[in-house]
Number of protein chains: 2
Amino acid sequence: MSIKANDPSRQSWLPVSEDSDFPIQNIPFGVFLTRDDVITIGTRIGDTAIDLGAMHQLGYFRDIPLTDDIFLQDSLNDFISDGKKTWRLVRNRIAEVFDKRNPELQQQEEHRKTVLFSMDEIEMQLPVQIGDYTDFYSSKEHATNVGSMFRDPDNALLPNWLHIPVGYHGRSSTIVPSGTPVRRPNGQTLPQDSDQPVFGPSRRVDFELEMAFITTDANKMGEPIPVSEAEDYIFGLVLFNDWSARDIQKWEYVPLGPFLAKNFASSISPWIVTLDALEPFRTSSPPQQPEPLPYLRQSGKHSFDIALEVDLIPDGGTPATVSKSNFKYMYWTMAQQLAHHTVNGCKVNSGDMMGSGTISGPTPDSFGSMLELSWAGSKPLSLPGGISRVFLEDGDTVVMRGHCNKGGLRIGFGEVRTKLLPAPGLKHL
Amino acid sequence: MSIKANDPSRQSWLPVSEDSDFPIQNIPFGVFLTRDDVITIGTRIGDTAIDLGAMHQLGYFRDIPLTDDIFLQDSLNDFISDGKKTWRLVRNRIAEVFDKRNPELQQQEEHRKTVLFSMDEIEMQLPVQIGDYTDFYSSKEHATNVGSMFRDPDNALLPNWLHIPVGYHGRSSTIVPSGTPVRRPNGQTLPQDSDQPVFGPSRRVDFELEMAFITTDANKMGEPIPVSEAEDYIFGLVLFNDWSARDIQKWEYVPLGPFLAKNFASSISPWIVTLDALEPFRTSSPPQQPEPLPYLRQSGKHSFDIALEVDLIPDGGTPATVSKSNFKYMYWTMAQQLAHHTVNGCKVNSGDMMGSGTISGPTPDSFGSMLELSWAGSKPLSLPGGISRVFLEDGDTVVMRGHCNKGGLRIGFGEVRTKLLPAPGLKHL
């Protein structure tokens with residue numbers, strides 16, 4: 001089935017500004033509360049939110065096999081379960097309905113009133129109910145930076161890193177959408193030159209610039225997904241800020257990995273951009289040497305050229321771009337991550353989320369965390385207005401953005417924007 | 001509110017054999033498929049399963065504030081959300097209805113036909129939809145054994161272990177109930193004296209003897225649960241076999257913790273025994289030295305005396321009890337685990353599951369894994385019929401049981417029984 005929705009010549013009858021992340025070729029999926037406090041599944045063109053539940057009730061998807069309530073839900077999980085063929089039919093149909101040359105909804109004023117909302121009158125929600133969330137560690141530059149700082153610069157990568165897309169399980173319950181503030185966590189840390197831990201607010205709160213993909217039901221328990229088929233089970237991607245408390249992490253993570261240093265909050269952008277929409281921006285991932293084991297081998301282009309950037313905004317201050325990176329720097333591809341994750345028979349469900357790990361590039365201005373940007377606190381970052389930072393301070397806002405751009409076509413993710421609030425008081429503790 | 005259901009003198013009009021885990025003082029909660037293929041929430045007395053959905057429709061819970069469909073569900077999550085007061089009202093009421101002296105249901109033959117099933121005509125399901133699953137590592141003996149084998153016998157415990165109930169996130173999607181067979185996983189391992197990993201079936205599949213507790217909605221994101229209140233948010237416990245592939249684990253787990261070595265399968269017993277039912281068996285946990293930080297401090301009895309055992313049954317062979325342990329050996333209590341888990345504001349939901357970690361006791365016959373019982377494969381276990389084992393072999397069945405016994409009152413968990421099947425073929429890999 002062709003991806004008609006990707007036709008670069010197509011224009012919408014809805015207004016789309018030149019620098020918009022959401023032209024008619026994007027058609028991301030999300031969940032929002034309408035001005036009438038109704039929750040629905042929707043998409044977006046320019047700054048117009050489109051209620052897919054209302055469109056379906058009005059018959060605009062009548063030729064596609066969908067249950068009546070598929071868009072009248074508070075998560076995309078069931079729609080994602082319907083599979084790639086259905087996602088594509090729906091996305092192609094949306095492109096058709098909002099095409100400038102198509103009068104069917106364009107000229108139905110009553111329908112337009114029910115279906116269309118201005119972005120500023122809706123409230124974006126978490127797009128999926130995330131069952132299980134896994135975070136990988138797939139940027140070679142990031143793993144090398146961390147290894148150099150904390151272990152040995154001459155043997156920065158651990159022996160398994162070039163053979164395994166290393167990953168670990170995270171906590172789903174604290175994944176929140178863009179706009180939800182996050183509190184600095186309290187926790188145990190070990191002061192330098194002491195063997196007695198202390199308790200209090202983390203002093204090393206950090207962001208991690210990541211992207212995450214959302215899966216459909218991919219397999220039965222016990223059945224691996226071959227790397228060659230893995231992309232068919234990926235619905236789309238979001239921007240992902242994997243909040244981290246470095247001092248808590250340092251004390252807790254040996255031998256079972258990060259726990260409270262990560263699970264206090266993780267933030268995602270609310271629109272899932274489909275793999276179909278990213279198709280024109282396919283690119284190669286870095287060469288893999290040594291060659292991975294056969295179950296991880298791929299040829300062809302399995303990464304995407306997605307420019308990423310991070311702004312840091314001190315409370316009441318000026319935004320400063322502190323990192324510019326790119327999704328294509330990832331050493332391990334999403335298909336390799338998913339094939340590895342299931343090679344032991346682990347079951348993957350609709351709505352599961354898999355993070356890339358911090359995406360750092362080759363140059364210091366492309367590092368994806370304050371830990372790397374300030375080299376573990378040893379090199380303060382200078383921000384406008386004489387402000388400097390080694391880690392984040394209360395009131396700081398972190399904004400991550402990402403977009404693709406090729407031959408005049410721009411497809412983007414919007415942003416994930418999060419303000420860091422002070423740690424809660426702990427009278428009872 | 002008093003726990004009337006714990007009255008040790010109460011007897012049921014349903015038959016209960018002397019060695020049953022399920023006298024009228026237990027009243028565990030579970031989910032089952034009836035002979036008519038209807039899914040319902042139920043309890044169990046002796047070998048009789050009781051359909052709580054049917055009882056509620058017949059009016060037996062009319063004095064308790066419950067929604068009409070609270071028991072007509074495929075998981076206990078909503079009932080658990082109703083909170084401790086409601087659990088206790090329902091459990092007390094069940095004890096009353098099945099009391100020998102109470103004629104109301106006992107003498108309603110038509111009602112009895114709808115409500116009661118023989119255990120062998122129903123099929124137990126997973127009792128909760130597990131949102132997030134965390135596994136702790138809270139047995140000092142187990143952590144010491146592992147540290148002695150793989151690191152340094154003189155410094156077996158890592159520096160953080162006596163200060164932190166160390167834990168990590170696991171995978172919910174592959175938690176299965178007793179009776180579901182599990183496949184040996186394939187995966188990457190590093191052969192001895194090689195720096196090139198190989199791919200194939202794990203050669204060191206192991207069980208881990210654990211228990212796990214199920215929580216209710218405990219907090220808002222950002223709000224810690226004080227250790228003094230933590231037990232109020234624990235619904236009950238199950239037996240838990242945390243399947244592990246030691247060779248995969250060894251190669252993958254540094255630095256982010258176990259991943260594919262654990263997430264291929266985890267098995268639980270299907271009946272959740274409430275903390276209320278375990279009340280008579282409360283006991284002290286081991287003394288904690290050094291004293292933990294204030295947010296983890298407790299006094300009084302916060303553990304439970306639950307005798308645990310593991311049988312290993314080779315295919316067609318004789319069951320052999322390979323381990324006898326006790327839940328009371330746990331160094332960190334469940335309340336400490338939950339207080340620690342949320343001290344950074346991590347949100348805990350109804351139906352979340354938290355495993356204890358392998359529960360090993362002080363003597364070699366109380367070790368809770370083959371890894372420890374065979375001391376990393378160096379001491380084969382002799383089983384009846386001239387069979388020996390270092391790790392598990394295809395066709396082996398592992399059965400874990402647990403019960404409390406005091407003053408003639410026995411409250412038990414039944415069993416979690418799982419057969420290990422051969423690794424799947426991998427033609428496409």
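First the proteins, then the strands, lettered A, B, ... as listed; each starts at 1.
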Closest-packed option against chain B by number of heavy-atom pairs under 4.5 Å, given A/Trp251, A/Tyr253, A/Phe264: A/Trp251

So what's closer than 4.5 Å to chain B heavy atoms on A/Arg151: side chain, backbone, both or neither? side chain

Whatever's closer than 4.5 Å to a heavy atom in chain B on A/Leu190 counts as neither

Nearest heavy-atom neighbours spanning B/Cys346 and A/Thr174: CA-CG2, 4.0 Å

So which of A/Pro424, A/Gly345, A/Gly187, A/Pro258 has the biggest tally of heavy-atom pairs under 4.5 Å with chain B? A/Pro258

Side chain from CB out, backbone as N, CA, C, O: work out which of these in A/Asp135 comes under 4.5 Å of a heavy atom of chain B, or both, or neither. neither

Toward chain B: residues of residues 136-149 of chain A with heavy atoms under 4.5 Å: A/Phe136, A/Tyr137

Which portion of A/Gln196 sits near chain B, non-hydrogen atoms under 4.5 angstrom: side chain

One option among A/Val182, A/Asp352, A/Val198 has the most heavy-atom pairs under 4.5 Å with chain B, and it is A/Asp352

Decide if atom CD of B/Gln125 counts as having more than 12 heavy atoms of other residues, nucleotides or ligands within a radius under 6.0 Å. yes

Apply ring-ring contact (aromatic ring centres under 6.0 Å, His included) to B/Phe240 and list each qualifying residue two or more places apart in sequence or on a separate chain. B/Tyr133

Side chain, backbone, both or neither: which part of B/Leu296 has a non-hydrogen atom closer than 4.5 Å to chain A? side chain

Is chain B contacted by the side chain of A/Thr134, its backbone, both, or neither, given a heavy-atom distance below 4.5 Å? side chain

Side chain, backbone, both or neither of B/Ala265 within contact of chain A (heavy atoms, under 4.5 Å): both

So which part of B/Pro255 gets closer than 4.5 Å to some heavy atom of chain A, the side chain, the backbone, both or neither? both

Do A/Asn344 and B/Asn263 have side chains that approach each other closer than 4.5 Å (heavy atoms only, starting at C-beta)? yes

Can you confirm whether A/Gln298 is buried at CD, in the sense that more than 12 heavy atoms of other residues, nucleotides or ligands lie under 6.0 Å from that atom? yes

For B/Arg203, I'd like to know if atom CZ has over 12 heavy atoms of other residues, nucleotides or ligands within 6.0 Å. no

Taking every heavy-atom pair that is under 4.5 Å apart, which of A/Ile248, A/Asp195, A/Val254 has the most such pairs with chain B? A/Val254

Are A/Leu260 and B/Val343 side-chain neighbours, meaning at least one heavy-atom pair lies under 4.5 Å? yes

If you check every heavy atom in residues 158-173 of chain B against those of chain A, which residues fall under 4.5 Å? B/Leu158, B/Pro159, B/Asn160, B/His163, B/Ile164, B/Val166, B/Gly167, B/Tyr168, B/His169, B/Gly170, B/Arg171, B/Ser172, B/Ser173

Tell me the residues of residues 212-222 of chain B whose non-hydrogen atoms fall below 4.5 Å from those of chain A, in number order. B/Met221, B/Gly222

Are B/Asn186 and A/Pro224 close enough that some pair of their side-chain heavy atoms sits under 4.5 Å apart? no

